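Note on naming: letters A, B, ... go to the chains in the order of the sequence lines (proteins, then strands), and numbering restarts at 1 for each one. Note that the structure is predicted; figures quoted are calculated from it, not measured.
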Number of protein chains: 2
Amino acid sequence: MRIVVADCTVDYRGRLAAHLPLARRLVIVKADGCVLVHADGGAYKPLNWMTAPNDLVDEGDRWIVTNAKGERLEIRFHEVHLDTSVDLGEDPGLVKDGVELELQRLLAERPGTLEEGLELIRREYPTPIGPVDLLCRDAEGRVVAVEVKRRGEIDGVEQLDRYLSFLRRDERLGEVRGILAAQEIKPQAQVLAADRGIEWRVVDYETLRGIDSDVLRLF
Amino acid sequence: MRIVVADCTVDYRGRLAAHLPLARRLVIVKADGCVLVHADGGAYKPLNWMTAPNDLVDEGDRWIVTNAKGERLEIRFHEVHLDTSVDLGEDPGLVKDGVELELQRLLAERPGTLEEGLELIRREYPTPIGPVDLLCRDAEGRVVAVEVKRRGEIDGVEQLDRYLSFLRRDERLGEVRGILAAQEIKPQAQVLAADRGIEWRVVDYETLRGIDSDVLRLF
DNA sequence: AGTTCCATGTCGCGG
DNA sequence: CCGCGACGTGGAACT
């Protein structure tokens with residue numbers, strides 16, 4: 001990894017055109033070749049960048065980075081204040097925990113928390129356009145497709161609606177209900193869901209996890 | 001901006017839980033307080049981060065960063081290889097050019113480039129599920145909803161379809177046509193648009209901008 | 001290589 | 001401040 005602090009101008013031309021006037025910035029070149037230009041603010045996103053794979057031509061006071069898609073990043077260096085290289089080695093990688101999959105797992109174990117009498121038929125039930133998160137059966141024997149999201153937004157309603165349109169063509173399933181389950185459901189998603197005849201449930205992750213722990217504690 | 005290269009472990013607990021085993025990494029603290037932990041690969045996204053505003057407690061071999069939402073990032077330093085601070089100053093900011101808004105503005109000024117006789121009723125016409133980019137009237141007096149995208153994909157077709165379903169319930173508007181306008185329209189979006197009775201137009205940004213410049217030159 | 005979908009998305013704008 | 005959509009979205013999993 002090469003770490004450079006310099007007064008520079010930057011020009012990008014590719015998916016859009018962008019220009020950065022002369023200012024002091026941090027420029028990083030990672031081992032895989034990707035280039036980042038950071039200012040002293042603005043969260044984790046660089047002002048400009050070029051992802052790997054790419055070609056970097058280092059002309060000293062000017063770097064030209066291009067990629068196969070015809071994008072081009074040009075950095076002109078006016079004054080360099082720091083230029084150092086370090087070998088970081090391979091990163092052992094990130095261990096993540098607690099996203100949508102976890103919510104899906106918890107609901108799969110306790111579908112009854114969504115609705116009295118609801119029972120799981122199977123997780124990741126396949127359709128031609130992708131798997132339905134949970135396929136269940138309600139107390140009256142009707143099939144229920146459940147889409148699980150961390151946050152319920154319009155996209156989630158559309159996704160479930162597409163699944164339903166396929167499930168409803170399968171006569172063996174009979175009538176199919178749709179439920180969008182999320183920790184939070186946006187008002188517009190509620191409006192669209194109502195419009196499409198899709199139900200929605202707000203589920204509490206902490207409560208579910210609590211129930212899960214309690215269940216584990218019994219064994 | 002503080003730039004640190006060190007062997008460290010990192011733990012994040014907040015919207016999810018994540019752990020980074022001991023390895024050499026680049027740690028950056030920006031002037032606004034946001035903290036980034038970068039490995040030597042993986043494009044522009046840090047392995048871990050905490051956006052501003054936050055509180056950083058520097059205990060020397062351990063940093064604890066917390067924010068108002070109860071998220072917490074802890075970095076334990078084992079060996080520090082570089083620790084330097086530089087003042088970058090305020091960044092003059094990015095000059096962008098060529099995004100959707102610009103395309104929308106250009107089309108709003110010259111709706112006739114989409115279709116002979118098309119006239120603008122209003123930009124950002126509100127519906128219960130969001131604003132339609134351009135609401136126009138065609139040569140025969142019919143209302144036309146135009147969705148503008150840089151790249152026309154399935155999402156754009158569905159978005160327009162949702163708007164149309166609401167617009168068509170408003171009897172005052174009468175028959176409503178839908179047009180997806182983009183610099184490029186994916187085959188699958190064309191198929192879906194045809195299926196939904198939605199028209200599409202490929203628009204050339206450079207040409208539009210040229211016309212725009214010509215118009216300006218007349219005055 | 002192309003498509004689909006998630007993301008600690010982030011960012012910017014409008015109400 | 002929230003809601004909502006764009007983003008050079010990026011990235012991963014799967015076909």
Roughly how many Å is it from [atom1] in [X] to [atom2] in [N], rounded to a whole number?
X	N	atom1	atom2	result
A:Asn54	D:dG8	CG	C1'	14 Å
B:Gln159	D:dC7	CD	P	11 Å
B:Leu134	D:dG5	CG	P	16 Å
B:Arg13	C:dT8	CZ	C1'	13 Å
B:Glu124	D:dG5	CD	P	11 Å
B:Lys45	D:dA12	NZ	P	10 Å
A:Asp11	D:dG8	CG	C1'	15 Å
A:Leu180	C:dC5	CG	P	14 Å

Check [Y] with [X], please: is the shortest side-chain N to carboxylate O separation under 4.0 Å?
X	Y	value
A:Asp7	A:Arg24	yes
B:Arg172	B:Asp170	yes
A:Glu74	A:Arg76	yes

Among [options], find the nucleotide with the atom closest to the side chain of [X].
X	options	result
A:Arg162	C:dC5, D:dA6, D:dG10	C:dC5
B:Leu16	D:dG10, D:dG8, C:dT8	C:dT8
A:Met50	D:dG8, C:dC6, D:dG10	D:dG8
A:Thr51	C:dT8, D:dG5, D:dG11	D:dG11
B:Tyr163	D:dG10, D:dG5, C:dC11	D:dG5

task: Please work out if A:Tyr44 contacts a base, only the sugar-phosphate, or nothing of the nucleic acid, heavy-atom cut-off 4.0 Å.
output: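 Answer is sugar-phosphate: A:Tyr44 comes under 4.0 Å of backbone atoms only.
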
- prompt: Counting any heavy atom closer than 4.0 Å, what does A:Arg72 reach on the DNA or RNA strands: base, sugar-phosphate only, or nothing?
  reply: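 Touches nothing.
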
message: For the P atoms, the ones on C:dT8 and on C:dT4, what distance do you get once it is rounded to whole angstrom?
response: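 C:dT8 and C:dT4 have their P atoms separated by 22 Å.
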
message: Give me the distance, rounded to whole Å, that separates C:dG14 from D:dG8 when you measure between the C1' atoms they each carry.
response: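 Here C:dG14 and D:dG8 have their C1' atoms 24 Å from each other.
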
- request: Provide the closest heavy-atom pair for A:Val5 versus B:Leu88 in the form atom of the first, atom of the second, distance.
  value: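 Residues A:Val5 and B:Leu88, closest heavy atoms: CG1-CD2, 3.8 Å.
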
- prompt: If you pin B:Lys186 and A:Asp133 to their nearest nucleotides in DNA chain C, which one's is more 5'?
  reply: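 On the 5' side of the pair lies B:Lys186.
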
Identified side-chain contact (heavy atoms from CB on, under 4.5 Å) partner of B:Trp63 from the options B:Val10, B:Val57, B:Asp58: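 Among B:Val10, B:Val57, B:Asp58, the one that satisfies the side-chain contact (heavy atoms from CB on, under 4.5 Å) with B:Trp63 is B:Asp58.
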
